Every structure is written in structure tokens, then in C-alpha cells.
**Q** 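Quick one: this structure, given as C-alpha cells, is what I'll be asking you about.
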Amino acid sequence: MARAEAAASAREPFRIRDLVVPAGSRGATELPAAQLYTHTELNIPLQVVHGRLDGPTLLLTAAIHGDELNGVEIIRRVLRHGALSRLRGTLLAAPVVNVFGFIHRSRYLPDRRDLNRCFPGSQKGSLGARIADLFSREVLAHCTHLVDLHTGAIHRSNLPQIRADVDDAAVADMARAFGVPVILGSGALDGSLRHVAGVRGIPAIVYEAGEALRFEERSIRAGVRGCLRVLRHLGMLPKSRREQPPRWEPFVARSSQWVRAEQDGVFRPHVALGAHVRKGDLLGVIGSPEGEDQIDILAPAAGVLVGRNNIPLVNEGEALFHIARFDALGKVARGLEDFQAGVLDDLPVSEPPVL
Ligand SMILES: [Zn+2]
């Protein structure tokens, strides 16, 4: 015991910019991203939890698309979780990466660029490139693993899902450990934080859940639980005695496709997010406001609805439903039912839920 304590006290402090966080403590700093026109500083907040004992460094990021808010709340709850007092390694959390977008309730930067297409960035490039470069050098460079938290775009909901390059064993293990039923095994888009992490050999997954500009309790709880599971999977937290393993394995989709509007008009969806559909099932209709010239929208393939448009006014070509296809569709559907029913019950929370 005495030796273990001596070893623990010998762990080096965590240093990031001008912040020094001794082992077994927390700290906070800010990255100087930019200034407003008024010369008010606009900084990216960064939280550090530096465990007493050595271990991996996990980075949690949210609001890289500035209007995607579930992840901001997920990080708040993870940071308040009592289990972190027993953390091994270091947890870095950047709950608002795109501060410009966040204060403007926008996905984008003021020059309409998407920060998540600007990585790794450059010191002499656009605003997005400079912020991406700062974040890559000052934060990403410190971490060994990454979980990037997203939601659907404005007026679009995503079923809680993980996006990950499942051909990489370490990434696939993290994706499964997160413990939501649906995994889309996609390569990362060029310029995204996940992509640059992958290039640097940092196992990275994206969690997508809910809709922009909304808090959604199920998505948030599944996200908190997922982050804690990843921490346990990486050996950064002890195994939980209370938490039951899910009764299903996460399922990796074989492929996914968007169902698009074949005409302009008023859209009436007839299936909910997470629904299990068969090829040819009626998903919704589009017609004039009076209901003339109505066309049916049929499922082009069997699968699970993992994304949905929520605004009833649509133009031809607009994405309406995102269908993920699976080999064991029946099992996925049962796993999803279990997940949807259980996610509100199986995580003890100290605060009232967001309803
Ligand atoms: Zn996003």
C-alpha cells in the first residue's frame, strides 16, 4: 500500500498551455480561439481531470458544430460523475469547440465554414483552419483516445448511434464498448476531427444522437453512459458493480442510405426514429398543403430508421429518412426496443431529467 501511494504521488502533473494539474486533481483553462469585433476574447474552454495513477488520455469533444448541444450536456454530466475520483490516466473535455457557432446558435463559423472540415488546419489559413490548427496542436496532441459528440443537423434527429471505422480493431472495440445498439461503420470525412485523429493513430469514435438546438434526455443519458463505459473499457475507471451489461451486442450496419423527397410539398412522416421497416413499407407522404397530388414514400430497403427529417416542408431531393441496413435485422430491432425502454431507467442521476 505504501509503495502504491509512493508511486501515485510520483505521477507527473499534467501540463497544457499555462495550466499545471497535479495528479489526483482537476483544472480548467481556455484556448484563445479568436476575438469578437469588440475585442472581447472568444476562448475554447478546456477541462482537465488528472488521475492519481497512469493511464490513457481520453479527449471528449462537443459542439464542434456549434448548434449541436446534447454533447455539451453529456460532458457536464460526465465531469460531475463521482466515479472520476478514481480515474486512472487523464480526461480532457472540450464541451464547446466551435465557440463562434455556439454563441450564434449555428453549426458553422462566421465565414460559413464547417469547423469539422478544417482539420488538421493551418496557422496561416482561414479562421476555421486556424482554430483547427490551434485545437490540433494544443489539445488533440495530448490525447490517446477521442470521443467526439454530435447530433443531427437542424430539424433532423439521429437515433443514438456510433460512427466509427470498424476495420480498425482498437476503434471497433471502443465503438462496441460505448454500448448503443447501432454502429455505422463509416470512414471519417476528410477534414473532420475524427479523420485527423485516425491519421495520427488516435482511436476515435463519433456519437450522434438527437437534433441540433435541443436537449434530449434519452440521447444525453445514453451518451453519458457510453462515455463512462469507454472509460471503463480503457481501464481508466474500475468496472461498475451496479451496471448490468446490455442484453444485446451492438450491431454494425452493413450499409445505410438516405430516402429523398421525390417532389416538393408538405411532408407527413408515418414512422418514428428507430422503427424497423421492411422494403416497400409506407414511410410517409408528400402532397400540396390541401392534400392534392399526394405521393407515397416507400422504404427502398429493409432496415432501421437511424435519422429523420422533422420539418414538414420539403423540397425535391431533400433527405427525409436515413435507413441503416443490417444482416440480423430482427435482433437489431429487439436490441433497440430493449435499449429505448432501458436507457431512462438504468443510470442513477442526482438531478431531475430534462423533459
Ligand atoms: Zn455534427
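Remember, it's a predicted structure, so these values are computed and weren't measured experimentally. Just follow the structure's listing: the first ligand is 1, and inside any ligand the first atom is 1.
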**Q** Looking at Pro312, is its backbone amide N or carbonyl O close enough to the side chain of His155 to form a donor-acceptor pair, meaning the two atoms are under 3.5 Å apart?
**A**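 Such a contact is absent between His155 side chain and Pro312 backbone.
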**Q** Would a hydrophobic clustering, with Ile, Leu, Val, Met, Phe, Trp and Tyr connected at side-chain separations under 4.5 Å, put Leu134 with Leu140?
**A** yes
**Q** Is any N, O or S atom of Glu208 under 2.8 Å away from the Zn ion (ligand 1)?
**A**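 No - counting backbone and side chain alike, Glu208 has no N, O or S atom under 2.8 Å.
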**Q** Would you call the rings of Trp258 and His322 parallel, tilted or perpendicular, where under 30° means parallel and over 60° means perpendicular?
**A**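 Taking His322 first and then Trp258, their aromatic rings lie parallel (interplane angle under 30°).
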**Q** What is the name of the N/O/S atom of His65 that is nearest to the Zn ion (ligand 1)?
**A**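 Going by distance to the Zn ion (ligand 1), the closest N, O or S atom in His65 is ND1.
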**Q** Is the distance between the ring centroids of His142 and Phe14 under 6.0 Å?
**A**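 Ring centres of His142 and Phe14 closer than 6.0 Å.
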**Q** For His150, what is the atom name of its N, O or S atom nearest to the Zn ion (ligand 1)?
**A**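 Going through the N, O and S atoms of His150 one by one, ND1 ends up nearest to the Zn ion (ligand 1).
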